[in-house]
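The block underneath contains the structure these notes are about, expressed in structure tokens.
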Amino acid sequence: MASKSFDLIVIGAGPGGYVAAIRGAQLGMSVAIIEREHLGGICLNWGCIPTKAMLRSSEVFHLMQRAKEFGLKADNVDYDLDAVVKRSRKVAGQLSGGIGHLMKKNKVTVFMGEAKLAGKGKVSVKTDKGAEDLTAKNIVLATGARARTLPGLEADGDLVWTYKHALEPKHMPKKLLVIGSGAIGIEFASFYNTLGADTTVVEVMDRVLPVEDAEISAFAKKAFEKQGMKIMQKAMVKQLDRAKGKVTAHIEVGGKVEKHEFDTVISAVGIVGNVEGLGLEELGVKLDRSHVVTDEFCRTGVEGLYAIGDVAGAPWLAHKASHEGVMVADLIAGKHAHPVKPETIAGCTYCHPQVASVGYTEAKAKELGYDIKVGRFPFIGNGKAIALGEPEGMIKTIFDAKTGELLGAHMVGAEVTELIQGYVVGRQLETTEEDLMNTVFPHPTLSEMMHESVLDAYDRVIHM
């Protein structure tokens, strides 16, 4: 069988992959994309989108329970977990179907099957119709990642879950253990805790949400505990004893092992890149702890082969993958491409309260040798936050004292995952404290707190 030739082949149809394919097509390339499971990848089908749909349901449930605060009546408030999950899957399905439409619109050839690099510029695809041989001068790996499993903590779908099981629960946990307090772990902890599960979170590091600024992490921890969560820091789950309907977790804290009983465990201890079976070793592609090693332009060191998104390492964020997809397509087409800088990418966690950040933490800025100015502003000082019934939260900004450069911004509270983009744009435009102070923020909005935090860094805060 003669091989089919394309200008660009993309392996993996997650956010980075399908965006690279669309951008390549926009630039006049003939493009093929290969996906073994679902168009849209983990993000649309089993990650970003369905989790946010479920968290929205829990958020509405939480608000309904607070109806009296707002002068409303809502008696006997309850939820239907199956209906919550059904809505989440419907949302994911709608968006996944939309990716198929975008592929057709942009004339991208889709192959559903398993891909393997058969040599430089060559890809072999196993589909349900047989094998296909494809060639292209440029190939983009966007194969994503999957949940990491630790020995003895493997998921079984019954008592011990991964994020996939947690998105389609067979039962509502009564007593839940979440291992890991990164974004995935804390979002599921927040969802199930809000719906009434007695939730314990175990984190091996010295604080929850360990990549966040320490002050924000501490604030979030207090909020979680106020909601009834139990937080165990500097703790490690050493062993899970499984029996009918229960799991006994052996948790090491302070050198001592404690035993706690749960009916459900969610393991959220990180991810590993999907690098197996692709033929990377034969081509000489370098790997580091299951992730493809690349330069700032996502080049692997093998001519014409790029890696983007989760398979290429941290930060493991869909928006980072999408931006890399555009950058690589532009680079291949000979356009001027800007490398993606991790410190300019916002991180968002959709727990309650939400957490969002961009740039350096206070500790990191100091470690890098900056002389800094730090500003803070609490939600309790903002009229819109009080009117919304969301007075708990804070915004923190960090500036270079010498130049006024915005080094970092960190938030915890209602809708901060939307607010953070203001600071992201500011950093991209190399905004100084003077620019931000001279910007007129609309009233009454939550965004006014962004202004006040900047003013506070320079001893000019008004409403505090």
Side-chain angles (χ1 to χ4, degrees), residues 209 211-220 223 315 317 319-320 323 338 340-349 353-464:
L209 297 165
V211 301
E212 300 296 339
D213 184 87
E215 199 171 350
I216 299 298
S217 292
F219 192 107
L317 301 166
H319 42 289
K320 172 250 195 185
H323 201 82
H338 295 275
V340 179
K341 298 178 182 178
E343 65 273 14
T344 65
I345 301 170
C348 297
T349 306
Q354 294 181 4
V355 176
S357 60
V358 66
Y360 302 130
T361 63
E362 182 177 352
K364 185 65 176 178
K366 288 177 179 176
E367 181 188 317
L368 292 171
Y370 286 101
D371 179 16
I372 62 174
K373 284 185 175 290
V374 180
R376 301 171 181 83
F377 195 82
F379 273 50
I380 193 67
N382 177 262
K384 180 68 180 291
I386 294 170
L388 287 174
E390 298 287 353
E392 294 187 11
M394 70 173 289
I395 292 179
K396 177 177 180 178
T397 45
I398 302 161
F399 292 89
D400 182 341
K402 294 177 182 176
T403 65
E405 178 189 356
L406 175 63
L407 297 174
H410 309 274
M411 308 177 174
V412 56
E415 302 304 328
V416 297
T417 56
E418 298 292 337
L419 294 178
I420 194 64
Q421 187 60 14
Y423 286 134
V424 174
V425 172
R427 277 181 59 78
Q428 185 66 27
L429 297 178
E430 299 182 353
T431 299
T432 65
E433 93 290 354
E434 186 178 0
D435 297 320
L436 289 167
M437 283 197 255
N438 291 337
T439 299
V440 180
F441 287 73
H443 173 79
T445 64
L446 296 175
S447 69
E448 290 174 279
M449 291 184 287
M450 299 167 65
H451 192 213
E452 294 271 17
S453 179
V454 175
L455 291 171
D456 183 57
Y458 290 83
D459 301 317
R460 290 178 53 180
V461 66
I462 301 295
H463 293 99
M464 186 173 68

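Under the side-chain hydrogen bond (donor to acceptor under 3.5 Å, both in side chains) criterion, S217 pairs with R207, not counting sequence neighbours. Residues passing the side-chain contact (heavy atoms from CB on, under 4.5 Å) test with T445 are P442, S447, E448, sequence neighbours excluded. Under the side-chain contact (heavy atoms from CB on, under 4.5 Å) criterion, A218 pairs with no residue at all, not counting sequence neighbours. Judged as a ring-ring contact (aromatic ring centres under 6.0 Å, His included), and not counting sequence neighbours, H463 has no contacts. Applying the ring-ring contact (aromatic ring centres under 6.0 Å, His included) criterion to F399, with sequence neighbours excluded, gives Y458. Under the rule for a side-chain hydrogen bond (donor to acceptor under 3.5 Å, both in side chains), D456 has no partner lying at least two apart in sequence or in another chain. Taking the salt bridge (charged side-chain N to carboxylate O under 4.0 Å, His left out) definition, one finds that E392 meets it with K226, sequence neighbours left out. By the side-chain contact (heavy atoms from CB on, under 4.5 Å) test, H319 pairs with L317, I345, sequence neighbours left out. Applying the side-chain contact (heavy atoms from CB on, under 4.5 Å) criterion to L388, with sequence neighbours excluded, gives K384, E390, L446. The salt bridge (charged side-chain N to carboxylate O under 4.0 Å, His left out) test applied to E430 returns no partner, not counting sequence neighbours.
Atom CD of E434 has 12 or fewer neighbouring heavy atoms from other residues, nucleotides or ligands inside a 6.0 Å radius.
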Distance-only donor-acceptor pairs under 3.5 Å for side chains of residues 409-423, two or more places apart:
residue: H410; atom: NE2; partner: Y360; partner atom: O; Å: 2.8
residue: T417; atom: OG1; partner: Q354; partner atom: OE1; Å: 2.7
residue: Y423; atom: OH; partner: M450; partner atom: O; Å: 2.7

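Counting only residues at least two apart or on different chains, the salt bridge (charged side-chain N to carboxylate O under 4.0 Å, His left out) pairs with a member in residues 374-383 are E215-R376, E362-R376.
Between I398 and I372, some side-chain heavy-atom pair lies under the 4.5 Å cut-off.
For T439 (side chain) and D435 (main-chain N/O), a donor-acceptor pair under 3.5 Å exists by modelled atom type.
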